[in-house]
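Note that ligands are numbered from 1 as they come in the structure, with each ligand's atoms numbered from 1 the same way. Note that the structure is predicted; figures quoted are calculated from it, not measured.
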Amino acid sequence: MRLFYAALALEANTFLPLPTSYQAFVEKLYYPPGQYPAQQSHQTGAMDALRARARRGEIELIEGSCYAAQPGGAAARAAYERMRDEILGQLEAAPPVDGVVLNLHGAMVAHGYDDPEGDILERVRALVGPDCVIGIELDPHCHLTRKRCALADIIVLFKEYPHTDFAERGEEVVDFVLRTIRREIKPVKSVFDCRLIASFPTSIQPMRGLVDRIMALEGKERVLSVSIGHCFPYGDVPECGARILVITDDAKPHGDRLAEAIGHELIALREQAAPPEYTVDGAIDFALAQQGGPIVIADTTDNAGGGAPSDNTTFLHRLIARGVQGAAVAPIWDPLAVRLAFDAGEGARLPFRFGGKVSLASGAPVDAEVEIIRCVPNAHQTFAGAIVPLGDVASIRASGVEAVLISTRAQAMGTDLFSNFGIDPKTRKILVVKSNQHFYASFSQIAAQVIYAEGDGALPRNYKKLPFTKIERPIWPLDATAEPKLII
Ligand SMILES: [Zn+2]
């Protein structure tokens, strides 16, 4: 059995003026065929499962290119077409394959393409023919379009948010693809469109319970896989919205009933799914009133994982103005400030300007007398065992407030985002992390408490503030009434 694998991942925030170039992919994750290292990443979750089978001699694996960029604005047209055509060229040059497995994230937008993943699948299908089995692993923050569902035989989304289960879901995609090739199963999809946009962290109730319930359904009564597409609300494309995907082994009526029932469960919890958010000063007040620490505050509106610049300074300004001691903020994306810190060197004290650069939503830069704590070239943090590059990193201290300045944009994921740069996160009173949810898996291990704050960054939780033009209406909460329905 011969399989082809490639990856192309971008979560595109169509509301931001941050173009995603070819270089942005290369800086984050790019491996030509055969050069992928023995490390895991949530953008390439199926790779390990395929390599393990190739090592055991069960399959012949043809590796294509792997690309993933940090979430940002829509991909430049030439960048997207270059990567797409590179991967298609590799597939075309390969001997005939029985299966194709792709990691695609699922929320890419490119200039001229609202559904690049659908475009890729259409071209792959044209190359491999109707009998080849195509399986894709997607992020739950994807646009689960009708076109993709029609073109891919197997689609499995991560269930967890934070996305800690990318390896398990990748294993499932590969397993289902191989069983379909062997004609052991006949996968049939049911898709329910919930007609809503919202955020669904799975580490807290009531979403935790729903994820546990869908996992208990799998492997019984011909149910192969159940996925909840959370949607990516900052991607203004026609089919943006939460959808339920059930894949059965040739039992569509049962799949339809399940998809609809799970869809209504998701609709019922949509208003309680996301945790309450403090204001910036409300979050600082709360943290200062607690015994012990650290109190971890998520600055959700400046989450690079949703495409935000991650250089909003509102928390920094308020912490410094209030004279707070023992607070640390990370990450602040400011390559220029990092360069200046490297030029000054560790231990230097100087007047210093940082943050507040990319857009109006970045706020005003901070000007302060700072001490350079650490300068680390080519640095990283970790997420669920995976290495997340940060470029050159400088940590600085401005009176009682420390900040970690990074050169390669990323959201807060692991506590080593502080500890790698001379800041012991366990001993700080307040840790402000620029992330919506991925920080949680690691930071909840050391936090006395985790709270969420709505700052004034680029990602408002109130979606009515976003200037949608393409999304199909009506959809909740933009419209008071919407009509959920089975669409496949
Ligand atoms: Zn995601």
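- Among the atoms of H230, no N, O or S atom is found under 2.8 Å from the Zn ion (ligand 1).
- The closest side-chain donor-acceptor pair between Y22 and Y67 falls under 3.5 angstrom.
- Minimum-distance N/O/S atom of H163 relative to the Zn ion (ligand 1): NE2.
- For a distance bound of 2.8 Å, the N, O or S atoms of H105 include none lying that close to the Zn ion (ligand 1).
- Geometrically, R428 does not engage F418 in a cation-pi contact defined by less than 6.0 Å to the ring centre and at most 45° from the axis.
- In D139, the N, O or S atom that comes nearest to the Zn ion (ligand 1) is OD1.
- Screening E277, Q437, E454, R461 for a side-chain hydrogen bond (donor to acceptor under 3.5 Å, both in side chains) involving T300 leaves a single residue, E277.
- Judged purely by distance below 3.5 Å, without hydrogens or angles, the side chains of N103 and Y5 pair a donor atom with an acceptor atom.
- Residue E11: no N/O/S atom is found under 2.8 Å from the Zn ion (ligand 1).
- Ring orientation note: the planes of H141 and Y161 are nearly perpendicular, at an angle over 60° on the 30°/60° scale.
- Closest to the Zn ion (ligand 1) among the N, O or S atoms of H141 is ND1.
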